[in-house]
Amino acid sequence: MTRRPAALCLALLLCAAAALPAVSADVPTPESVLGFSVGEDRKLADWTQIVGYFQKLAAASPRVKVEDVGPTTEGNPFLVVTITSEANMARLEEIRRANLRLADPRTLSEDEARGLIDTGKAIVALNHGIHSTEVGASQTSMQTAYALATGQDADTLDILNKTVILMLPSHNPDGTQKVVEWYRRSLGTPWEGGQIPFLYHKYTGHDNNRDWYMFTQVETQLTVKHLYDRWRPQVVHDLHQMGARAARIFAPPYVDPWEPNVDPALIEAVNGIGSHIGACLTSEAKKGVVIHALYDAWTPARAYPHTHGGVRILTECASAKMATPIEVGFKDLEPGIGYDARQASWNFPAPWPGGTWRLRDIVDYQLSATRAVLEHAARNRAYWLRTFYEVNRRAAARSEPYAFIVPAAQKDPLATAKLLWVMRTGGVEVHRVRAEFKAGDRTYPPDSHVILMAQPFSAFAKALLERQRYPDLRQWPGGPPQRPYDVTAHTLPLLMGVDVVRADAPFVAALERLDAVPIARGSIEGGRGRFFALGHKNAELVALGRLLRAGVPVRWATAAFLDRGLNFRPGTLLVPENARARLEPMTRELGFVATPVNAAPPSLLLRKPRVGVYQSYVPSMDEGWTRFVFDKQVGVDYETLHDKDVRTGGLREHFDAIVLPDQSRRAMVGGNPPGSMPPEYVGGLGKEGVQGLKSFVEEGGTLVALDSASEMPIAEFALPVTNVLAGFSREARGDEDEGDQGAKEFYCPGAILAAQVEGMSTSPLAHGLEATTPIWFEGSPAFDTKAGTVVARYPPENPLLSGWLLGDKYLRGKGALVEMPLGTGRVVLFGFRPQYRAQSWATYVPLLNALYTSAVTPLAR
Ligand SMILES: [Zn+2]
């Protein structure tokens, strides 16, 4: 049998001497279990096979322990694999507890800390396969584990003795399984190794790696609970792949900007270990290694460790076509932020000359990168523990600001409870205040909450509770903006519509530390009436969905009214008295108040809307997030509509509202090009689909277009609306095309802006919104219209609340949310993302309003 290159590479790495490692005959190689070697052309292990391998490995090796902490979103096992020396394995719990003590330096003397650092182990997490089409990492994980389980050389033994390694062979097992199945199906076809027509995570697709502060997804929660909370790793290696025309591998340092709350010692720690990876790979004569390029470290959505005393080391390998080799010519290589793949430079000293690139190359580069990470952690064990301790100590001594206060009286108690849950899940201590207190010039009632900044993970809380000021970075002085790797804002109080007050000066209050934060008390108030009046925020709209599902005829007051001396706002929901038994537990569970009233103002009589959500075979992450918000957060029933369903027509018979999630007109109408996929996934809505949607609206339906999806109805239905930003590129391009004003004049790649709600008396879509509402803008449209109703509009001044916006003058006075009649129906155009990554609770209300007003009977007074 010929010697496999991957095994050869490992053998060289693992054996300082020429002697072969004394491998226990019982420990199975990946090949012996899979029937092919890791990295072989056109061979991928699916999740079932990977789980099978790790179980056999753990059964045979005393250095390896496997736990299934799942299930995942779609019911698969979720594995956490622990790898360390036999001696460490025997006292694992003791090592874990010692590490957690360093995580909270408030309880340690300097002597105790020194003792823990002297005897502790560096905790290293290896995260594979969060992005399932980046197929290399989950394959590599088996080879890495095998090497560690069997290595007898001094370097491997040193790693095993000085570190505890926690490995996720796949962060997204559902996707690992589905993508490998799809790949196998594509073998031998013209579309072998090409695009897939579905999101590789049920709800998030690629955005599963943008969930590291909101913790919405099962896999994020499992990782935080079983890995981050339980172990507090100092080093996390997160293995990814990038495009085929880039460098062969990226390792940190990251380019600016960094999230400003990250401790400088962690930034330098990232620089150090990242440069070590680059040095090791280049020392092995691997070509095309770039550091300090492409990726920044701004958003905490991708980097949980940076606010928890550790580092997140991203590596990105160039991709093949999954496991199918590709040819890349030197001239096909491209420049990117901070380097040019065709040009040697200090941070890219050995360009790759081009040629064949295959899965085996990816596996080899990843094995070396992980090896470099583990060596660095082992050799610098005390440095990593000392840095972890010092960073946590500095955070626990933070005095600016003193605290953030979450006042008890909130307009949206459900979103408030959610925000405090995010804090607790992120390891932040939250205190309830037992009695009224004063901070600054404001007095706060009991049951307010306080987040003190003098605590180990205050960087996490502070980053998410304050506003972001993103630096005005340019590709060259006076040139186009430099694209941020992700978005530029993460201010939860704005996104969620929660009042949070920064307290700079210390104050005295009766604090009680909470393990879990309960929701505000809800109830049915005393007295009797024909109806129970409910407000119009998230909690009440969740209750509305449940009541309609149960057939309760809820009314929606379209005007303000007075009852027994109390004023009720337009949008008040009126639940019949006889639904009391159903309503009462919801008030307690969701934290809202129901008030008995007798008034019968002009209203809409509601029934459960029949909702369709369009799902293109050009997958849209926004579509996934829409389903997640409907399924898991607000409770909206819907049917998924594919191109052929829409093309068939007759939509109005079956639907009251159809949602078009964020997607370009071209992707929706054109779909996947012929030859790129199996025929059933090719082509989009086409002319018939567009006509089907138009007829649906003309016959009385509500079409809800989210963000860039608004392009399609504006153009195809010839609506009297213009997107005033249509001429600006969404991308920060340096080469401005003809007719494209580029991004120099206007650029907003993901920020929180203010919109003024002005349709309160003319459109029920505005009900429940505050006069000024923060909205999520991400390369979005903005509307000019002479017809229809502008429900929300940009203010006459700069609307930026958090993040980065260039060219605010183009937005001033323009429409952000427009309701446009067509036939007997309407098109609702959202110039923003009302359900952005299941975070923007502040704007779920107008989206739900659009759905709930699609199935109504008007009632006079
Ligand atoms: Zn990735």
Side-chain angles (χ1 to χ4, degrees), residues 44 47 125-141 144 167-180 182-183 193-196 198-213 217 219-220 223 236-252 254-255 270 274 277 288-291 293-306 311-323 326 334 336-337 357 359 361-363 365-367 369-370 373 483-487 619-621 624-625 750 837:
L44 291 173
W47 183 239
L126 303 176
N127 189 32
H128 300 91
I130 190 168
H131 289 152
S132 312
T133 48
E134 300 164 14
V135 293
S138 288
Q139 310 297 311
T140 302
S141 72
T144 297
M167 178 191 279
L168 302 183
S170 172
H171 178 88
N172 180 20
D174 303 345
T176 300
Q177 187 66 28
K178 279 194 278 196
V179 165
V180 172
W182 176 267
Y183 174 70
Q195 300 295 310
I196 57 172
F198 51 84
L199 293 173
Y200 53 66
H201 179 278
K202 180 178 179 184
Y203 291 121
T204 64
H206 201 74
D207 268 354
N208 63 350
N209 196 31
R210 307 289 187 266
D211 196 38
W212 289 112
Y213 63 77
Q217 300 301 309
E219 293 75 16
T220 323
T223 305
V236 178
H237 182 204
D238 195 2
L239 294 90
H240 288 250
Q241 287 171 224
M242 55 186 173
R245 296 179 168 198
R248 296 303 91 188
I249 190 168
F250 158 84
Y254 300 111
V255 296
V270 166
I277 297 171
V289 179
V290 70
I291 62 169
L294 298 165
Y295 300 92
D296 62 54
W298 180 256
T299 179
R302 294 165 53 237
Y304 182 91
H306 291 169
V311 298
R312 178 224 183 201
I313 301 303
L314 170 74
T315 58
E316 296 263 2
C317 269
S319 294
K321 288 184 91 174
M322 297 201 194
I326 56 170
E334 291 172 347
I337 292 174
W357 187 251
L359 179 61
D361 298 315
I362 297 168
V363 169
Y365 275 61
Q366 289 183 332
L367 287 169
T370 290
V373 166
R483 184 177 82 86
Y485 188 69
D486 193 44
V487 296
S620 155
M621 288 180 274
W625 285 115
R837 292 181 184 168

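All values derive from a computational prediction rather than experimental measurement. Both counts, for ligands and for their atoms, begin at 1 and track the order of listing.
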Task: Any side-chain donor near an acceptor of the partner, H128 and Q366, under 3.5 Å - done: no
- [ ] Inspect the contact between R837 and D207 and indicate whether a charged nitrogen and a carboxylate oxygen are less than 4.0 angstrom apart.
- [x] yes
Task: Over all atoms of both residues, closest heavy-atom pair of M167 and T144 - done: CE-CG2, 3.9 Å
Open item on the list: I'd like to verify the contacts: list protein N, O or S atoms under a distance of 2.8 Å from the Zn ion (ligand 1).
Closed with: H131 ND1, E134 OE1, E134 OE2, H240 ND1
Open item on the list: Students often mix this up, so state it plainly: with edges at 30° and 60°, are the rings of H206 and Y200 parallel, tilted or perpendicular?
Closed with: perpendicular
Task: H237 and T315: side chain donor to acceptor below 3.5 Å - done: yes
Open item on the list: Under a 4.0 Å threshold between the charged nitrogen and the carboxylate oxygen, would D486 count as salt-bridged to R210?
Closed with: yes
